Amino acid sequence: MVSMTDLVTFGETMLRLSPPRGERLETTGDLAVQAGGAESNVAVGAARLGADARWLSKLPDSPLGRRIVNELRSHGVRSGVAWTEPDESRLGTYYLEHGGAPRGTNVIYDRTDAAITTVSPDELPTDAVEEAEWFHTTGITPALSAAAAETTTALLKTAGDAGTTRSFDLNYRSKLWDPQTARAAYEDLFEHVDTLFVPRRDAREVLDREGDAVEIAHGLATEFAFDTVVVTRGLEGAVALHDGSMYEQDVFEADTFDAIGTGDAFVAGFIAERLRGGDLPAALQWGSATAALKRTTDGDLAVTTRAEVQSVIDGEGGINR
């Protein structure tokens with residue numbers, strides 16, 4: 001019998017390699033190394049806010065694979081990992097080159113043949129999903145391979161059969177698949193999802209939804225019977241539809257040091273507050289405030305505290321003396 005877990009997530013985590021700001025990948029002599037992956041980002045963000053979180057995945061039993069687990073553990077996240085022999089698979093990496101206008105930020109993935117592309121449900125501690133209060137994954141994972149897609153479906157079904165709340169963040173990545181293929185895969189999963197997070201842009205371009213965020217939320221909830229639909233709108237904030245009621249949340253102003261992981265931070269704050277019994281308006285506030293704090297720190301992870309998030313909500317940001 002496993003202990004009750006608040007949140008279980010499933011997905012790929014890579015090593016993120018970044019040159020110092022202002023330097024190019026092709027000329028830099030230094031690379032900062034950090035863990036980065038949508039589902040583990042959510043697990044870390046929620047754990048930092050008090051949730052008991054566990055992340056499931058598949059990794060090579062190598063120094064790089066163990067580094068991922070160790071970094072997540074340092075933020076309070078337990079792992080349920082299927083380990084492979086180092087010569088049988090590898091750890092995916094991605095390179096992030098920060099650049100201001102007009103160059104912009106560039107991301108280069110190196111994740112072919114990563115260990116997670118061969119994952120199967122029987123390799124993972126599925127009892128953790130059954131015992132969890134909440135299970136979360138994203139649209140990135142089923143894009144990685146047929147095996148990853150099948151395991152995503154299996155875990156969502158396992159969660160549903162056990163009465164675990166299931167959430168799915170669309171998180172479309174054009175470097176992984178085209179909109180038509182992604183839409184078919186997403187819509188196949190929707191019957192196994194209770195709470196959907198979707199950027200308005202992706203709802204329009206991938207799910208072929210028309211109208212504003214409110215219309216998109218109503219349309220998706222009606223067609224797929226989601227309990228909750230959260231549509232994010234970038235700097236315009238977010239809206240959420242739940243039990244027939246619509247809620248709206250503005251963004252909290254933030255200096256953007258690193259925007260990577262902002263959406264995951266929003267999801268983490270939202271889920272953490274729902275797990276504490278907060279209502280939809282409170283969850284949206286916590287999601288928005290956590291996302292704002294994430295923008296001020298380097299790396300994928302929302303390294304913050306409940307007190308910091310509460311201070312943003314209360315409008316108390318400033319110099320701490």
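None of the values given here were measured: they were computed from a predicted structure.
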Can you tell me if Thr195 and Arg274 form a side-chain donor-acceptor pair at under 3.5 Å? no
Would Arg295 and Thr256 count as having a side-chain donor-acceptor pair, cut-off 3.5 Å? yes
Classify the ring geometry between Phe270 and Phe266 as parallel (under 30°), tilted (30 to 60°) or perpendicular (over 60°). parallel
Salt-bridge test for Arg209 and Glu215: reply yes if a basic N is under 4.0 Å from a carboxylate O, no otherwise. no
Verify the distance criterion only: is there a donor paired with an acceptor across the side chains of Asp122 and Ser120 at less than 3.5 Å? yes
Going by atom types alone, do Arg73 and Asn70 pair a side-chain donor with an acceptor below 3.5 Å? yes
Pair Thr84-Ser89, side-chain donor/acceptor within less than 3.5 Å: yes
Taking atom types as modelled, is there a side-chain donor on His242 or Thr228 under 3.5 Å from an acceptor on the other? yes
Go through the side-chain N and O atoms of Ser145 and Thr117 and say whether any donor and acceptor fall under 3.5 Å apart. no
Is a donor from one side chain sitting under 3.5 angstrom from an acceptor on the other, for Thr164 and Trp134? no
Heavy atoms only: give me the nearest Ser288-Gln249 pair and the separation to one decimal. CB-CG, 3.8 Å
Modelled atom types, side-chain donor and acceptor of Glu39 and Thr141, under 3.5 Å: yes
Does Val119 offer a backbone N or O that forms a donor-acceptor pair with the side chain of Thr151 under 3.5 Å? yes
Would Lys58 and Glu12 count as a salt bridge (Lys or Arg N to Asp or Glu O under 4.0 Å) if you check the C-alpha gap in whole Å, the side-chain angles of each, and the deciding distance to 0.1 Å? CA-CA 8 Å; Lys58 188 171 184 177; Glu12 179 184 27; over 6 Å; no
Is any NZ, NE, NH1 or NH2 atom of the basic residue among Arg78 and Asp52 found under 4.0 Å from an Asp or Glu carboxylate oxygen of the other? yes
Minimum-distance pair of heavy atoms, taken over all atoms of Thr137 and Phe10: OG1-O, 2.8 Å
For the pair Arg183 and Asp178, find out whether any cationic side-chain nitrogen is under 4.0 Å from an anionic carboxylate oxygen. no
